[in-house]
Structures are given as structure tokens and as C-alpha cells.
Amino acid sequence: MKTDVTYINAIGLHAVIGMLIYFNENLAMLYFAIAVIFFVAKIILAPNSSKTYYVLIACSYFVGAEVLLRMTKGSISYEAGKYLVIVFVIMGMFYKGVSGRGYPYFLYLLLLVPSIFVASTTLSFDANFRTNIAFVLSGPVCLGAAALFCYDKKVSVAQMNKLLLYILLPIISHTVYIFFYNPSVKEVLSGTGSNRASSGGWGANQVSTILGLGMFILVVRLFTKSPTLSLKILNIALFSAMTYRAVVTFSRGGVFTAAIAILAFLGIYYLRVSRKKRNEIVILFTVFIFTIVATWAVSSSQTNGYVDLRYSNRDHLGRDKGDITTGRKKLFEEELDGFLSNPFLGIGSSRAKDQRIEIDGQGVTSHSELSRLLAEHGIFGVIILVILLLKPLDMKARNKRNYFFYAFLCFWFATINHSSMRLAAPAFIYALALLNVTYEKNPIHRKQIAKAN
């Protein structure tokens, strides 16, 4: 019961934070400063046995808060979320070191370096070298550092749920902020394209991605951390609110990613639990499906049916748009051409965007990290992808009971294919899949044998 109250209080506090930041965005800077000081102090003052846990808690919180802080200009820089994750895991390495088995991620980080030297010769004269390099490499470096630290670190399943909770809490603040920013979606609709106004005044792709992560975490809590009816109702309500705001951004990537991660989690979780628990899951899943249908109906009504058109790939007049990727396929093909023309060293970091500025007059950023890695890193990008895709399987082979593993990898892979690595979220969630999750053993009660007189 005490845990339930703490959870509800934490939700209430972060709902208030979201509301206060909406009414006075200057408070976002204060929020950021207090959070940084609090988590740095927690890491430093934590006993050595708990250092890893508090490092991960700190990373989790800023992963969840990243987009809110960006849109309210609360952080010290645009990429502050990624930089803080890097700083926190470096602190963790200082205190707890890294696993020798994680050496491929050190190699991964080294393989990012050649593209910087190539870029020094290929980027146009007008390009800001430092800014462009930092923008495209901050995400991959964040992933490499987090993966190197997390690999084979032990956390209990209870601690893993706590990490997910710390990601969720600032996303709740973000959701509340968006509701205040745009209470009526109908007033800002003009078509079926991604809608900045209904996304809180920020990029719909980023907002959809982070809300999708919140949706996934709420489903995890609904099925694993909601022992009472009141908690089930609370988590369903939060899920509905977050799903509604994600859907009406009109950016489909985050919603589809959430659906994939949720299905991956529920499928593995269902296979891991007892038969009695499976019956409970089936009943709860039925309620969950009803919730999704109801939320979609509300979303459709509030957008005059525009979301139905959007998700069926039609414009506001009902005409088929043709390219369901909204231009991403063309970008992907262009970057593959870059790889084929420079297969060994690649075209250099940020050169793909730079080329688009030269040819089209505008620098459209890649939405696929896979094609960008190949184009900008050449053969080194191929090796990087092999490490990223195959190395987690080694961890899975030694931690077979981890029912988060496939969901985390699905979230990472789906996200980097619709939003590249704009956020710290896919990098950190990938790293969480590398943790060695332990499960509490049920105590064995042995009957004592009475001694003979």
C-alpha cells in the first residue's frame, strides 16, 4: 500500500510540474538545474553497492525529460539529454568499471572516429564543422557509452521497473504540458500531416517518439505492477491520455513503435508466467484492447476523422498519398547511393545532410540511422551494425529470463528507422537490454525433523 501511495504521489507531483512549466516556462530551467544537482548528488553519495543503480536512475530521468526540456528551452543545450547520459555513465565507469565482455562497444566507439576525419575534407565550406559533427554523433556516442557501462551489470527486476518509472514520470509532466498547450485539437487542424501545434509546439516526430515510450512503460506497469483495481484504473487512464496525445500529433512512428514494443513485451511475458497468471493476462488484455478502441474513437472524433485518413495514408480529401514513408524512402535510397559510391571510408559525418543543402537548398536530416551509418561510415558502418545487432544476443544467451529484452531491442530498432537518433531514448533503451536482470527466488520452507529423545 505504501508503494502505491508513493507512485500516486510521484504522478501527482509530475503532473503539477508539467502544469507549472506551461504557465511559466522559465521554471523549466529551474527544474533542469534541480534535477541535475539532485541526481549528481545521489550518485556521489550512494554506497558503492548502489552506484550502478543510481547512475541508471539519473540517465532514465533525463531520457524521459529530454523532449520537454527541449521544447521549453529548459536545458543548457539542445543535446543536453544525450550529454548528461554520457556524463552519468562515465561517472558510473569511474566507480564501477565496465565488463570485459563488453569490449565490442569500445570498438564500436573507435569505429565512429574515422568519419570525423573524412568529414573534415568533404563537408562544404559553409558548414559548421563542430555543430554538424556533434549533432550526428552525439546519439551514436551516447549509445556506445551507455552500452559499454550497462553490459552485464546486474539489476533486479524490481530495479528495472524503477528505471522505467523514472523514465515515465517526466513524460507524464510532458503530457500534462501538451494538454494545457493545446486543449482542443480541432482548432489547429488543417490537414493530415504531422501537426506541430497539437504536439505542444514542437517537432511531432520527437513528441510522438517519447509519448510512445511512455505508452509502452504504462503497459508494462499495467500488466506487472498493478496489483489493485485502483492502480489498474489509474494506469489505464494514463495510457489513454498519453495514447490520445501521441495519436493526434499525426506522427505515426512513435505510435507504431509503441505497438511493436508492447506486443514484444506481452508475448514474452505471457510465455514466462504461470498458467494462473496467463488467465489474468488474457482478461486484462481484453480490457486493454477495449481501452485502445475507445481512445482511437475519441481521437477520430476530436480530429473529424483526420487520424483515420492519416493512418490509412490518405490526405484530408481522402486521396491516397502513395509514399507511406513521407519522403523517408527517398532519403534512404540517397544514403545507400552514398555508401555505394564510397564503400570504404564513407562520405563523412553529417555529409549526407550537407549534400542535400548543396543540391536542394535545404538540409533534410536522415530519418534512418541504418542508411546514415552506411553512407557516412562506409565499411566501418557495416561493422558497427553487426556489433549492434549481434552482440545483444550474447547477453540474451546468458540472461534468458529477461522478458524486457526483445521489447527494448524492438523499441530501439523501430525508433532509429523513423527518427534516427535525435533523442537519447533509443540509445539508452538499447543499453538497458544489455543489463543482467535477476529475479527474486521464492523462499523454500523446509520442515524441521524433530530429534529423537
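In this structure, Glu79 pairs ionically with Arg70, as a charged nitrogen and a carboxylate oxygen lie closer than 4.0 Å.
At least one side-chain heavy atom of Tyr105 sits under 4.5 Å from a side-chain heavy atom of Leu388. Residues Ile11 and Leu238 form a side-chain contact, since some pair of their non-hydrogen atoms from C-beta on lies under 4.5 Å apart. Residues Leu435 and Leu56 have side chains in contact (heavy-atom distance under 4.5 Å, counting atoms from C-beta outward). Counting only heavy atoms from C-beta outward, the side chains of Gln206 and Leu423 approach each other to under 4.5 Å. No side-chain heavy atom of Val437 sits under 4.5 Å from any side-chain heavy atom of Ser156. Within the 4.5 Å cutoff, side-chain heavy atoms of Tyr151 are placed close to those of Lys391. Counting only heavy atoms from C-beta outward, the side chains of Ile167 and Ile429 approach each other to under 4.5 Å. Side-chain contact between Phe265 and Tyr270: absent, with no pair of heavy atoms (C-beta onward) separated by less than 4.5 Å.
Between the side chains of Ser230 and Thr228, at least one donor-acceptor pair of N or O atoms lies under 3.5 Å.
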Query - CA sep, side-chain torsions, deciding dist, call: His418, Thr209, side chain to side chain contact (heavy atoms under 4.5 Å, CB included) - result: CA-CA 9 Å; His418 80 81; Thr209 298; 3.1 Å; yes
Query raised in the report: Hey, mind stepping through Leu374 and Leu385 against side chain to side chain contact (heavy atoms under 4.5 Å, CB included) and telling me if it holds?
Result: CA-CA 9 Å; Leu374 294 174; Leu385 288 175; 3.9 Å; yes
Query raised in the report: What do the steps show when you test Asn161 against Leu165 for side chain to side chain contact (heavy atoms under 4.5 Å, CB included), and what is the final call?
Result: CA-CA 6 Å; Asn161 278 303; Leu165 174 60; over 6 Å; no
Query - Intermediate values then yes/no, side chain to side chain contact (heavy atoms under 4.5 Å, CB included), His174 and Met71 - result: CA-CA 10 Å; His174 191 173; Met71 65 198 299; 3.0 Å; yes
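Between Phe223 and Phe288, the two ring planes are perpendicular [angle over 60°; tilted spans 30° to 60°]. Ring geometry for Phe39 versus Tyr61: interplanar angle of 30 to 60°, hence tilted. The aromatic rings of Phe62 and Phe88 are tilted relative to each other, their planes meeting at an angle between 30° and 60°. Using the six-membered ring where Trp is involved, Tyr177 and Tyr181 have ring planes that are parallel, under 30° apart on the 30 and 60° scheme.
In this structure, the side chain of Ser173 engages the main chain of His14 through a donor-acceptor pair within 3.5 Å. Checking side-chain atoms of Lys162 against main-chain N and O of Ala158 turns up no donor-acceptor pair under 3.5 Å. Between the Lys186 side chain and the Thr303 main chain, no donor and acceptor come within less than 3.5 Å of each other. Formation of a donor-acceptor pair under 3.5 Å by the Tyr306 side chain with backbone atoms of Gly193 is not found in this model. Remark: side-chain polar atoms of Ser115 are paired, donor with acceptor, to backbone N or O of Leu112 under 3.5 angstrom. Between the side chain of Lys51 and the backbone N or O of Ala46 there is at least one donor-acceptor pair closer than 3.5 Å. With hydrogens and angles ignored, the 3.5 Å screen pairs no side-chain donor or acceptor of Ser420 with any backbone N or O of Arg422. A donor-acceptor contact shorter than 3.5 Å is absent between the side chain of Ser208 and the backbone of Asn205. Distance alone, capped at 3.5 Å, places no donor-acceptor pair between the Asn399 side chain and the Met395 backbone. A donor-acceptor pair under 3.5 Å is formed between the side chain of Thr192 and the backbone N or O of Arg314.
Heavy atoms from other residues, nucleotides or ligands lying under 6.0 Å from CZ of Phe94 number 12 at most. Other residues, nucleotides and ligands contribute only 12 or fewer heavy atoms inside 6.0 Å of the CZ atom of Phe285. Summarising the local packing, NZ of Lys42 is surrounded by 12 or fewer heavy atoms from other residues, nucleotides or ligands at distances under 6.0 Å. Remark: Lys396 NZ is packed, more than 12 non-hydrogen atoms of other residues, nucleotides or ligands lying under 6.0 Å away.
Smallest separation of non-hydrogen atoms from Arg221 and Ser226: O-OG, 2.8 Å. Pairing each heavy atom of Ala407 with each of Ala261, the nearest pair is CB-O, 3.5 Å. Annotation for Ser199 and Val207: closest pair O-CG2, 3.4 Å, computed over non-hydrogen atoms. Heavy-atom minimum distance, Gly81 versus Glu66: CA-OE2, 4.0 Å. Across all their heavy atoms, Val85 and Ala424 have their closest contact at CG2-CB, 4.4 Å. When all heavy atoms of Ser194 and Ala204 are compared, the pair lying nearest together is CB-CB, 3.8 Å.
For the atom pair CD1 (Ile292) and CD1 (Ile236), the distance works out to 10.5 Å, reported to the nearest 0.5 Å. For the atom pair OH of Tyr7 and CG of Leu168, the computed distance is 5.5 Å after rounding to the nearest 0.5 Å. For the atom pair CG of Leu234 and CG of Leu229, the computed distance is 11.0 Å after rounding to the nearest 0.5 Å. Here Leu143 contributes atom CG and Cys150 contributes atom SG; the two are 10.0 Å apart, rounded to the nearest 0.5 Å. With rounding to the nearest 0.5 angstrom, the CD1 atom of Ile171 is 4.5 Å from the CG atom of Leu213. Once rounded to the nearest 0.5 Å, the distance linking CE of Met91 with CG of Leu84 reads 11.0 Å.
Judged by a 6.0 Å distance limit and a 45° cone about the ring axis, Arg272 is not positioned over the six-membered ring of Tyr403.
Each of Phe290, Tyr244, Tyr311 was scored for a ring pair (Phe, Tyr, Trp, His ring centres under 6.0 Å) with Trp296, with one residue passing: Tyr311. When each of Ile268, Val220, Leu432, Leu163 is tested with Phe404 by the rule side chain to side chain contact (heavy atoms under 4.5 Å, CB included), just one qualifies, namely Val220. A side-chain hydrogen bond (donor to acceptor under 3.5 Å, both in side chains) with Asn182 holds for exactly one of Arg196, Arg245, Glu187; it is Arg245.
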